[in-house]
Amino acid sequence: MKLGLKLLQERAKVGSFWWPYISNLPETYTVPIFFSGEDIKNLQYAPLLYQVNKRCRFLLEFEQEVKNVLKNLKPSEHPFGGQDVDASSLGWAMSAVSSRAFRLYGKKLPNGTHSDIPMMLPLIDMCNHSFNPNARILQEQDAGNPKMLIKVVAEREIKQSDPLLLNYGCLSNDFFLLDYGFVIPSNPYDHIELKYDGALMDAASMAAGVSSPNFSSPAPWQQEILFQLNLDGEVPNLKVTIGGPELVEGRLLAALRVLLSNDREMVQRYDLSVLKSLSAEGPLGVANEVAAFRTIIALCVIAVGHFPTKIMDDESLLKQGVSVSTELAIQFRMQKKSVIIDVMRDLTKRVKLLLSKETTTA
């Protein structure tokens with residue numbers, strides 16, 4: 001927001017050095033803070049709705065702060081040349097920065113690391129995003145040098161008229177939509193957030209046909225492990241994820257494996273890192289692993305059931321022709337549902353493989 005205020009100041013300044021750049025910035029942005037109320041609802045995903053509402057609240061509160069400071073200033077002291085600064089212009093500035101600024105090295109800190117400073121970099125911000133970029137940004141390390149160079153360097157041969165592609169980061173679609181105003185189809189880093197809740201886990205395990213779930217009332221030794229996973233205690237982090245490179249967040253997988261086991265000695269043979277790893281095939285036995293996977297599949301069924309529409313409904317809506325913001329909202333929720341379905345497919349395959357191995361062994 002500090003950089004956004006600087007941008008608004010330069011936009012209001014007569015003869016600003018930055019005017020040729022600022023005049024070419026988009027007049028509007030396709031980020032959710034500018035969606036209609038209906039299109040915000042169309043996102044259908046509680047964690048993103050929370051973030052959008054949080055940003056909108058911040059802009060409205062910050063507008064009041066700015067107006068309170070500006071009302072007592074003389075015209076000669078007004079940082080925006082007398083121009084009104086409201087939530088809409090603050091939102092425009094914040095969106096310009098979130099979609100275009102780069103985090104670069106700032107001053108060197110006493111511990112040897114550098115502070116991060118967001119900077120607007122004209123021309124470089126014309127590079128598009130790709131997880132397979134053909135270029136990268138290089139910055140000279142001397143932040144004290146007023147002529148410090150920031151360069152875009154080709155990673156491979158780039159043909160004439162081909163776009164320059166940078167990797168904006170290995171981000172979920174939440175961040176791409178919130179900060180940049182687009183959605184990546186089949187994003188390998190996209191995931192869904194769930195709240196780790198004993199009653200929800202009990203419901204999922206029962207739906208999966210798993211007997212003797214201990215989620216609501218874990219044994220003291222199981223509770224101790226939940227504490228180590230930061231899923232229990234005074235200030236636990238109950239947000240767990242499904243999807244992305246991990247497929248199932250390690251903390252959730254470890255919790256399920258532990259709570260679905262009654263064999264304390266076997267559990268305590270393993271380090272937490274093993275219990276959290278999906279690549280550690282059935283450390284607590286095939287039956288335990290199948291029960292854990294089936295519980296996660298049931299969680300996925302519950303999660304996908306929370307969306308008011310199905311993917312087929314969304315596809316039909318897109319074919320009807322909708323506004324840009326409605327299209328983005330529908331694409332976003334379709335991708336979230338796809339993440340859940342992909343996890344279900346993957347875990348179903350793993351269950352079948354485990355059961356076939358067990359049958360062969362028997």
Side-chain angles (χ1 to χ4, degrees), residues 29-61 91 94-95 98-99 129 168-201 203-204 229-232 235-253 255-256 295-311 313-314 325-344 347:
Y29 290 92
T30 54
V31 292
I33 58 167
F34 291 118
F35 284 12
S36 67
E38 194 57 36
D39 281 333
I40 290 174
K41 277 186 203 165
N42 281 333
L43 293 164
Q44 296 184 354
Y45 180 62
L48 190 71
L49 294 175
Y50 172 78
Q51 289 298 331
V52 175
N53 289 328
K54 187 178 172 184
R55 290 188 182 201
C56 290
R57 272 199 313 275
F58 163 75
L59 288 168
L60 291 168
E61 288 165 8
M94 189 167 78
S95 302
S98 76
S99 62
H129 164 78
Y168 292 1
C170 299
L171 307 171
S172 69
N173 277 337
D174 305 50
F175 285 108
F176 282 124
L177 185 57
L178 273 173
D179 288 340
Y180 298 101
F182 60 79
V183 173
I184 303 274
S186 305
N187 178 353
Y189 301 98
D190 204 16
H191 57 253
I192 63 152
E193 290 178 13
L194 298 171
K195 184 183 177 187
Y196 182 87
D197 175 77
L200 174 64
M201 300 300 156
L229 293 167
N230 200 18
L231 292 170
D232 198 357
V235 273
N237 174 14
L238 298 178
K239 184 181 82 176
V240 290
T241 60
I242 288 174
E246 262 192 307
L247 198 72
V248 179
E249 186 182 326
R251 295 187 311 132
L252 173 61
L253 182 59
L256 290 173
T295 303
I296 297 166
I297 292 166
L299 271 177
C300 288
V301 172
I302 293 168
V304 86
H306 278 135
F307 287 92
T309 59
K310 295 182 171 65
I311 289 182
D313 303 329
D314 297 336
S325 56
T326 305
E327 184 178 346
L328 278 169
I330 294 171
Q331 285 175 344
F332 174 82
R333 73 194 194 206
M334 281 175 71
Q335 292 303 316
K336 288 294 176 193
K337 292 168 204 171
S338 296
V339 167
I340 300 170
I341 290 163
D342 287 346
V343 171
M344 289 167 72
L347 293 179

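- The two residues Ala204 and Thr295 make their nearest non-hydrogen contact at CB-O, 3.8 Å.
- Side-chain contact between Tyr196 and Arg251 is absent, with no heavy-atom pair separated by less than 4.5 Å.
- Closest non-hydrogen pair, Ile192 versus Val339, comes out as N-CG1, 4.3 Å.
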- request: Decide yes or no on side chain to side chain contact (heavy atoms under 4.5 Å, CB included) for Val52 and Phe35, but give the supporting numbers first.
  value: CA-CA 10 Å; Val52 175; Phe35 284 12; over 6 Å; no
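- Ile297 contributes atom CD1, which lies 12.5 Å from atom CD1 of Ile302 (distance to the nearest 0.5 angstrom).
- Between atom CG of residue Leu231 and atom CG of residue Leu238 there is a gap of 6.5 Å, rounded to the nearest 0.5 Å.
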I'd like to know whether Met201 forms a side chain to side chain contact (heavy atoms under 4.5 Å, CB included) with Leu299, so could you lay out the CA-CA distance, the side-chain angles of the two residues, the decisive distance to 0.1 Å, and finally the verdict. CA-CA 7 Å; Met201 300 300 156; Leu299 271 177; 3.7 Å; yes
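- One finds the CG atom of Leu59 at 8.0 Å from the OG atom of Ser95 (value rounded to the nearest 0.5 Å).
- Annotation: salt bridge (charged side-chain N to carboxylate O under 4.0 Å, His left out) contacts involving residues 327-339, sequence neighbours excluded, comprise Asp174-Lys336, Asp190-Lys336, Asp314-Arg333, Asp314-Lys337.
- A donor-acceptor contact shorter than 3.5 Å links the side chain of Gln335 to the backbone of Ser186.
- Among Val31, Asp39, Ile330, the single residue meeting the side-chain contact (heavy atoms from CB on, under 4.5 Å) criterion with Ser325 is Asp39.
- Evaluation of the side-chain contact (heavy atoms from CB on, under 4.5 Å) rule for Asp179 yields Arg55, Ser98, Phe175 as partners, not counting sequence neighbours.
- By the side-chain contact (heavy atoms from CB on, under 4.5 Å) test, Pro188 pairs with Phe131, sequence neighbours left out.
- We find the CG-CG distance between Asn173 and Leu328 to be 10.5 Å, quoted to the nearest 0.5 Å.
- Closest approach of Leu347 to Val248, counting heavy atoms only: CD1-CG2, 4.3 Å.
- Using cut-offs of 30° and 60° on the angle between ring planes, the pair Phe176 and Phe182 is parallel.
- Two residues are said to be in side-chain contact when any heavy atoms from C-beta on lie closer than 4.5 Å; Glu193 and Tyr45 meet this criterion.
- From Glu249, atom CD reaches atom CD1 of Ile296 across 11.0 Å, with rounding to the nearest 0.5 Å.
- Contact check for Lys195 versus Leu200: no side-chain heavy atoms found under the 4.5 Å cut-off.
- Closest approach of Ile340 and Ala303 over heavy atoms only: CD1-CB, 4.0 Å.
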Practice task
Before giving the answer on side chain to side chain contact (heavy atoms under 4.5 Å, CB included), spell out for Tyr180 and Ser99 the whole-Å C-alpha distance, their side-chain angles and the decisive distance to 0.1 Å.
Solution key: CA-CA 4 Å; Tyr180 298 101; Ser99 62; 4.3 Å; yes
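- Rounding to the nearest 0.5 Å places CD1 of Ile184 at 9.0 Å from CG of Leu171.
- Nearest heavy atom pair, residue His191 against residue Gly244, reads CB-N, 4.1 Å.
- When all heavy atoms are compared, the tightest approach of Val235 to Asn230 is O-OD1, 3.6 Å.
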